[in-house]
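Only one structure is covered here, and it is reproduced in the block below.
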There are 2 protein chains.
Amino acid sequence: MPRTLSILGATGSIGVQTLDVVMANPDEFRLGWLTVNTRFDLLEEHLGRLQKHGFTPQGVVIADESAYNEFRRITSFKGKILCGDEGVCEAAAAPENDILLSALVGFSGVLPNYAAIQQGTPIALANKETLVSAGAVIMPAARERGVEILAVDSEHSAILQCLAGEYLEEVEKLILTASGGPFREWTIEQLENVTPAQALKHPNWSMGNKITIDSATLMNKGFEVIEAYWLFGVGAEKIEVVVHPQSIIHSMVQFCDGSVKAQLGLPDMKIPISYALSLPHRYPSNFKRMDICALQNLSFFPPDMVRFPCLRLAFDSLAQGGTAACIVNAANEIAVASFLQGTIGFLDIPRLIETCLEKITHIDTPTLDDIVQTDKKTRALAESLVKQGMSVPAVLMPKVNGAATNPNLVSS
Amino acid sequence: MPRTLSILGATGSIGVQTLDVVMANPDEFRLGWLTVNTRFDLLEEHLGRLQKHGFTPQGVVIADESAYNEFRRITSFKGKILCGDEGVCEAAAAPENDILLSALVGFSGVLPNYAAIQQGTPIALANKETLVSAGAVIMPAARERGVEILAVDSEHSAILQCLAGEYLEEVEKLILTASGGPFREWTIEQLENVTPAQALKHPNWSMGNKITIDSATLMNKGFEVIEAYWLFGVGAEKIEVVVHPQSIIHSMVQFCDGSVKAQLGLPDMKIPISYALSLPHRYPSNFKRMDICALQNLSFFPPDMVRFPCLRLAFDSLAQGGTAACIVNAANEIAVASFLQGTIGFLDIPRLIETCLEKITHIDTPTLDDIVQTDKKTRALAESLVKQGMSVPAVLMPKVNGAATNPNLVSS
């Protein structure tokens with residue numbers, strides 16, 4: 001029996017690869033809703049491609065209003081067409097959904113994912129910021145409704161695959177591997193001067209801009225630690241990060257008998273997407289196979305939290321609990337956007353986050369509304385810090401050994 | 001509820017480590033029978049050690065008659081004491097056994113394992129030659145009685161662990177890793193002159209003599225291919241061998257979606273022994289943990305079947321089916337014993353096997369008795385070939401590029 005799948009973020013990297021998985025398994029799926037933010041032109045293109053494969057979604061949502069208007073002008077799509085964040089939430093909570101692939105970017109995923117949980121729909125989650133910001137609210141809600149949250153991130157999918165047939169209480173350690181990003185071997189001095197173009201070149205994975213920068217700062221790995229904490233319900237002390245530059249082993253699990261299981265493969269997100277949709281089974285695929293004998297010099301290193309303070313901040317926020325990780329996430333979203341616009345430097349990203357963590361009031365046991373408000377306040381503070389810095393760029397980007405210090409940004 | 005465990009081959013490397021696992025998990029086990037071949041002194045020692053941990057087996061068997069007599073003279077053991085191969089079979093088939101750890105060496109395991117299956121007792125199997133020689137009889141008998149045969153070999157345990165929670169029909173490939181043995185980089189010319197002392201030094205694993213020589217010739221890996229074929233019921237074309245000199249990844253499974261799972265760890269047989277006894281659960285252990293960041297330069301190579309013809313012979317015999325692998329195993333047992341006695345050379349091992357494969361009558365669908373007879377005939381032929389060669393050592397060990405050819409041994 002085909003299941004009705006809706007995709008939040010259908011034109012992003014994960015969304016498009018999910019459509020590939022759907023088209024490769026036509027008997028498994030019907031399409032419910034596809035949502036996009038602004039890329040109405042790409043949506044129209046994908047609708048055409050889907051139609052050729054016999055797929056017509058029930059409806060689409062274009063969150064951005066002007067993009068929505070443009071889409072209505074150009075499209076030949078005959079289904080429902082909604083607009084705005086409410087439209088995205090409506091698609092997420094559509095009662096006909098059997099499963100939701102959630103690939104929104106950043107905090108924007110929180111409310112739609114929460115809406116899906118209220119509806120009782122299992123979520124294949126590619127939007128880690130939802131758990132980073134709101135895990136304390138999302139996971140209890142999911143447990144209460146018996147809603148499964150399935151990992152799509154390659155690391156968490158690796159862990160999920162290694163946990164198949166195992167008992168969570170027999171897990172000794174989750175070992176998240178990190179490529180270490182493009183700047184793995186750079187000095188702090190070199191990191192000060194990283195340009196957006198340099199940071200956007202990830203050595204192993206081709207991904208969206210936000211996550212690529214997060215990978216370069218290791219914030220992405222920090223978020224994955226927090227995500228693993230919520231997804232698998234193990235203590236933070238059982239989660240470890242290890243740098244593995246070849247990105248072949250996607251993550252590992254160590255059990256109480258000393259045995260370690262790993263999942264490995266080429267860096268192809270279609271495998272974890274496919275697994276989240278097929279588990280406990282697996283769909284046959286023609287994805288390129290790994291040539292084991294081409295694997296040479298696989299290596300592993302401890303991460304450097306001095307040169308990559310974002311990873312430390314993530315661990316700290318997890319230890320702190322409550323809204324701490326929400327603050328880290330919100331500050332990071334502003335910091336990354338500012339870095340991509342060229343208004344702050346690469347190492348200003350952790351500085352901005354740390355400053356926000358110190359200045360925003362912390363709530364130990366937040367409600368969903370507390371989280372939404374904390375996110376808003378943090379963004380406002382981060383934006384104003386960036387603006388203040390922008391007028392004094394020499395101060396905003398103090399050299400590590402230099403005398404200049406921005407009073408608004410505490411150096412780690 | 002503790003289960004009654006009996007151990008065939010209790011003083012061998014696997015047997016002793018099994019006793020360690022038992023003593024570390026005193027609430028899980030009662031001891032049924034312990035069998036040994038000749039090492040009555042070691043048996044007495046272990047009985048003392050076990051007693052201090054509150055374990056007294058129900059009975060013991062000493063297969064060798066003079067060792068049995070010696071044991072009776074020195075022991076203070078109050079339980080039943082049996083002798084001979086019949087005694088071993090009686091212990092294997094004891095109705096009180098809840099599980100049998102079968103760690104006999106070579107063909108000697110076939111009849112006791114068969115007896116346990118007839119009794120309906122699950123077997124944790126460390127004696128791969130049983131499946132190599134008699135898989136065609138053993139596995140249908142086990143299936144018919146619903147008896148589980150659980151892998152203890154580190155490679156097959158790795159596969160078993162990777163298959164937990166998965167579906168056999170979604171397996172694309174079983175990838176057995178091989179250390180490559182101590183002679184991985186030796187030329188054929190060098191291999192002609194390998195001494196027993198050199199071959200007994202395995203780079204990664206400390207094991208019994210027979211299996212250490214089998215590892216050096218890659219016959220062990222060949223047997224593991226055949227064992228995997230019988231244990232997991234996948235086609236021979238789905239089983240692959242890859243040389244991995246570090247022996248960290250113990251084996252892998254590739255699934256139909258392109259995903260690969262691996263089990264890894266330090267080379268410690270206690271982990272696979274423990275898993276075979278605990279699965280689907282895992283016993284907590286204090287076995288030394290692997291330091292992931294100490295892993296560097298993990299590498300993988302295709303095996304060389306020209307320098308290591310034993311591996312090719314195993315694949316060939318699997319393709320041939322019937323009694324072919326039984327012939328290979330019997331010839332190999334004689335060849336290894338002769339090599340260890342210094343009466344034939346290292347590369348005479350595959351030559352002797354190949355000659356036996358050509359000269360012994362093949363039976364396509366053998367009975368257990370056919371297998372026992374084929375084993376006997378092959379041993380007799382192999383022994384006579386070795387004896388003929390012993391009188392003309394220059395001929396028995398022809399140099400690869402030399403003119404001498406032993407008419408009794410076909411070079412591969």
Side-chain angles (χ1 to χ4, degrees), chain A residues 21 157-158 161-167 169-173 175 177 240 242-244 246 248-250 252 254-266 268 270-272 274-275 278-302, chain B residues 21 157-158 161-167 169-173 175 177 240 242-244 246 248-250 252 254-266 268 270-272 274-275 278-302:
Chain A
V21 169
S157 176
Q161 293 180 55
C162 291
L163 288 176
E166 304 282 352
Y167 295 83
E169 60 272 24
E170 293 167 8
V171 167
E172 190 166 272
K173 213 156 66 172
I175 303 159
T177 56
E240 213 176 277
V242 61
V243 174
H244 169 49
Q246 298 83 13
I248 290 297
I249 291 188
H250 296 320
M252 303 183 240
Q254 180 169 308
F255 297 93
C256 63
D257 60 354
S259 181
V260 175
K261 274 162 76 174
Q263 187 268 340
L264 48 164
L266 298 174
D268 181 346
K270 283 205 279 291
I271 291 180
S274 171
Y275 186 70
S278 69
L279 69 83
H281 283 279
R282 295 171 180 275
Y283 297 141
S285 85
N286 58 3
F287 307 151
K288 193 174 172 220
R289 297 305 193 249
M290 183 169 65
D291 174 4
I292 307 274
C293 290
L295 302 180
Q296 298 294 335
N297 300 317
L298 297 190
S299 54
F300 305 88
F301 308 92
Chain B
V21 171
S157 176
Q161 293 180 56
C162 290
L163 288 176
E166 304 283 352
Y167 295 83
E169 60 273 25
E170 292 167 8
V171 168
E172 190 166 274
K173 212 157 64 174
I175 303 160
T177 56
E240 213 175 279
V242 61
V243 174
H244 169 47
Q246 299 82 15
I248 290 296
I249 291 188
H250 296 320
M252 303 182 241
Q254 179 168 308
F255 296 94
C256 64
D257 60 353
S259 182
V260 175
K261 273 161 77 174
Q263 187 269 340
L264 49 165
L266 297 174
D268 181 345
K270 284 206 277 293
I271 292 180
S274 171
Y275 185 71
S278 69
L279 69 83
H281 283 279
R282 293 170 181 276
Y283 297 141
S285 86
N286 57 3
F287 308 151
K288 193 173 172 222
R289 297 304 193 250
M290 183 170 64
D291 175 3
I292 306 275
C293 290
L295 302 179
Q296 298 293 334
N297 300 318
L298 297 189
S299 54
F300 305 87
F301 308 93

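We name chains A, B, ... by the order of the sequence lines, and we start the count at 1 in each one. Here the structure is a predicted model, which is why all the values come from computation and not from measurement.
Under the salt bridge (charged side-chain N to carboxylate O under 4.0 Å, His left out) criterion, the residue pairs touching residues 285-295 of chain A are A:R289-B:E172, with sequence neighbours excluded.
Atoms CD and OH, from B:E170 and A:Y283 in turn, are 10.5 Å apart once rounded to the nearest 0.5 Å. If you take CD on B:E166 and CZ on A:R282, they are separated by 4.0 Å, rounding to the nearest 0.5 Å. Interatomic distance, CD1 of B:I249 versus CG of A:L295, reported as 8.0 Å (0.5 Å rounding). Atom OG of A:S299 and atom CG of B:N297 lie 7.0 Å apart (nearest 0.5 Å).
Considering every non-hydrogen atom in both A:D257 and B:F287, the closest pair reads O-CD1, 3.4 Å. Between B:G258 and A:S285 the shortest heavy-atom distance is N-OG, 4.2 Å. Considering every non-hydrogen atom in both B:P302 and A:C293, the closest pair reads N-SG, 3.3 Å. Of all non-hydrogen atoms in B:P280 and A:Y167, the two that sit nearest each other are O-CE1, 3.6 Å.
The most heavy-atom pairs under 4.5 Å with chain A, out of B:H281, B:M290, B:K173, come from B:H281. Taking chain A as the reference chain and counting heavy-atom pairs below 4.5 Å, the highest number among B:E169, B:Q254, B:Q263 is found for B:Q263. For the options B:F255, B:F300, B:F301, heavy-atom pairs under 4.5 Å to chain A are most numerous at B:F300. Ranked by non-hydrogen atom pairs under 4.5 Å with chain A, the options B:A262, B:A158, B:G265 are led by B:A262. Comparing A:C162, A:S157, A:G165 by how many heavy-atom pairs each has under 4.5 Å with chain B, the most go to A:G165.
At distances below 3.5 Å, at least one donor-acceptor pair connects side-chain atoms of A:K261 with backbone N or O atoms of B:Q161. Using modelled atom types, no side-chain atom of A:Q296 and backbone atom of B:L298 make a donor-acceptor pair closer than 3.5 Å.
Partners of A:K270 by salt bridge (Lys or Arg N to Asp or Glu O under 4.0 Å), not counting sequence neighbours: none found.
The contact between A:I175 and chain B is made entirely by side chain atoms (from C-beta outward), counting heavy-atom distances below 4.5 Å.
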